[in-house]
Amino acid sequence: MAQYQYDVGVIGSGPAGLAAAFAAKALGKSVVIIEQYLWGGTCPNYGCDPKKILLSAVEGIRRQSAMQGRGLQGYSKINWSDLMTYKQGYVDAVEPRKVRGLDEAGVTRSYGHSEFINADTVIITDTADTVTATDWVIAVGQRPKKLDFPGSELTQDSEDFLNLPDLPDDVTFIGAGYVGVEFATITNAAGAHTRVVTHGHSALRDFDQTLVNNGLLKHKKQVLIGILMRQ
């Protein structure tokens, strides 16, 4: 068990945590950043960026559709295995790049789960090392909500989806927020029979419903096979 002291401690190496660590280091502070999963956090590893790569294939197909009879003939088809290989090539490069940036900046890295034992100190449970800092930045992000109903243990979360080696023939998404709708758009365009189940009266409830309804009507065949509303 070792003890360490820093000016600033950061928990979480996603975009917010990295920004805080680099900014503090630029101010001349001694900085440690602690991560218990993937360096770089959700967005580049199993969130925004992988999702955008999958959506880029959908956008390509839609552009082709819009140009039919206007100089283009025929349609491409999404090859899920190849698309996931391309996505994974991007993801595999994230962690080495983030680690290299931290090392070059002189930010100390610590890997493992951390818990506060007092207002200034955390313990890394994997090693029992303690880290004390004058100031702490907690940037641990969020986790998918765990569902609680019979059979929920058979469901998968967003990270599972973004790492599916094979696309199922039939897919149901629970939740019609923007992530659920985006994922449904991807699987539908890739040829899977796609459903979205949501609690309430509409999809994308946090967005302007005039735009939502116009968009769903315009792209219903492309975006969603069906939305089952639950009271």
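For this chain, numbers begin at 1 and follow the sequence in order. Quick note: numbers below take in every heavy atom, side chains included, and nothing from hydrogens, waters or symmetry partners. Treat the numbers as computed from the prediction; the structure is a model and nothing was measured.
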With a 3.5 Å cut-off and no angle check, do the side chains of Thr130 and Thr121 form a donor-acceptor pair? no

Where the side chain of Gln209 meets the backbone of Phe207, is there a donor-acceptor pair that is under 3.5 Å apart? yes

Do you know which two heavy atoms are closest between Val196 and Gly175, and how far apart they sit? CG1-O, 3.7 Å

Can you find a pair of side-chain heavy atoms, one from Lys25 and one from Lys29, that are under 4.5 Å apart? no

Is there a donor-acceptor pair under 3.5 Å between the side chain of Ser65 and the backbone N or O of Ile61? no

Note: Gln64 and Leu72 closest approach over all heavy atoms is CA-CD1, 4.0 Å

Run through the side-chain heavy atoms of Ile, Leu, Val, Met, Phe, Trp and Tyr, join any pair under 4.5 Å, and report what else lands in Met1's cluster. none

Within the side chain of Asn188, is there an N or O that forms a donor-acceptor pair under 3.5 Å with the backbone of Ala184? no

Identify the heavy atoms of Leu38 and Ser13 that sit nearest to each other, and give their distance. O-OG, 3.6 Å

Evaluate whether atom CD of Glu153 has more than 12 neighbouring non-hydrogen atoms of other residues, nucleotides or ligands under 6.0 angstrom away. yes

Is there a donor-acceptor pair closer than 3.5 Å between any side-chain N or O of Lys87 and the backbone N or O of Leu162? yes

In Tyr37, Tyr90, Phe161, the residue satisfying ring pair (Phe, Tyr, Trp, His ring centres under 6.0 Å) with Tyr46 is Tyr37

Inter-residue atom distance Met84.CE - Ile78.CD1, 0.5 Å rounding: 12.0 Å

Taking all atoms of both residues into account, what is the closest heavy-atom pair of Ala190 and Trp80, and its distance? CB-CE3, 4.1 Å

Do Tyr4 and Ile123 belong together in a cluster built from hydrophobic side chains that touch within less than 4.5 Å? no

Would Lys51 and Glu182 satisfy salt bridge (Lys or Arg N to Asp or Glu O under 4.0 Å), going step by step from the backbone distance to the final call? CA-CA 8 Å; Lys51 178 196 66 181; Glu182 285 178 322; 2.8 Å; yes

If you count every heavy atom of other residues, nucleotides or ligands that lies below 6.0 Å from Tyr178 atom OH, does the total exceed 12? no

Leu164 versus Gln156: any side-chain heavy-atom pair under 4.5 Å? yes

Could you tell me whether the side chain of Thr198 and the main chain of Ala203 form a donor-acceptor pair under 3.5 Å? no

Between Ile117 and Val131, is there shared hydrophobic-cluster membership here, with clusters defined by ILVMFWY side-chain heavy atoms closer than 4.5 Å? no

Expected output: side-chain Asp82 to main-chain Asn79 donor-acceptor under 3.5 Å: no

Is there a continuous path of hydrophobic side-chain contacts, each under 4.5 Å between heavy atoms, that joins Val94 to Tyr86? yes

Within the 4.5 Å heavy-atom criterion, are Trp136 and Ile11 side-chain neighbours or not? yes

Is Arg109 close to Asp103 at the side-chain level, that is, under 4.5 Å between some pair of heavy atoms? yes

Is Thr185 close to Thr194 at the side-chain level, that is, under 4.5 Å between some pair of heavy atoms? no

Is any side-chain heavy atom of Tyr111 less than 4.5 Å from a side-chain heavy atom of Thr127? no

Treating Asp120 as the side-chain partner and Thr134 as the backbone partner, does any N or O pair qualify as donor plus acceptor under 3.5 Å? no

Residue pair Ala176 / Val181: nearest heavy atoms and the distance that separates them: O-CG2, 3.8 Å

I'd like to know if the side chain of Asp170 and the backbone of Ala192 have a donor-acceptor N/O pair within less than 3.5 Å. no

Does Ile124 share a hydrophobic cluster with Val32, counting links as ILVMFWY side-chain heavy atoms below 4.5 Å and allowing steps through other members? yes

Is the side chain of Gln68 donor-acceptor paired with the backbone N or O of Gly74 at a distance under 3.5 Å, no angle test? yes

Hydrophobic clustering (ILVMFWY, side-chain heavy atoms < 4.5 Å, transitive) - are Leu204 and Ile174 grouped together? no

Determine whether a donor-acceptor pair (N or O, by modelled atom type, separation under 3.5 Å) exists between the side chain of Asn45 and the backbone of Trp39. yes

Considering non-hydrogen atoms only, spot the tightest contact between Val91 and Pro44 and give its length. CG2-O, 3.9 Å

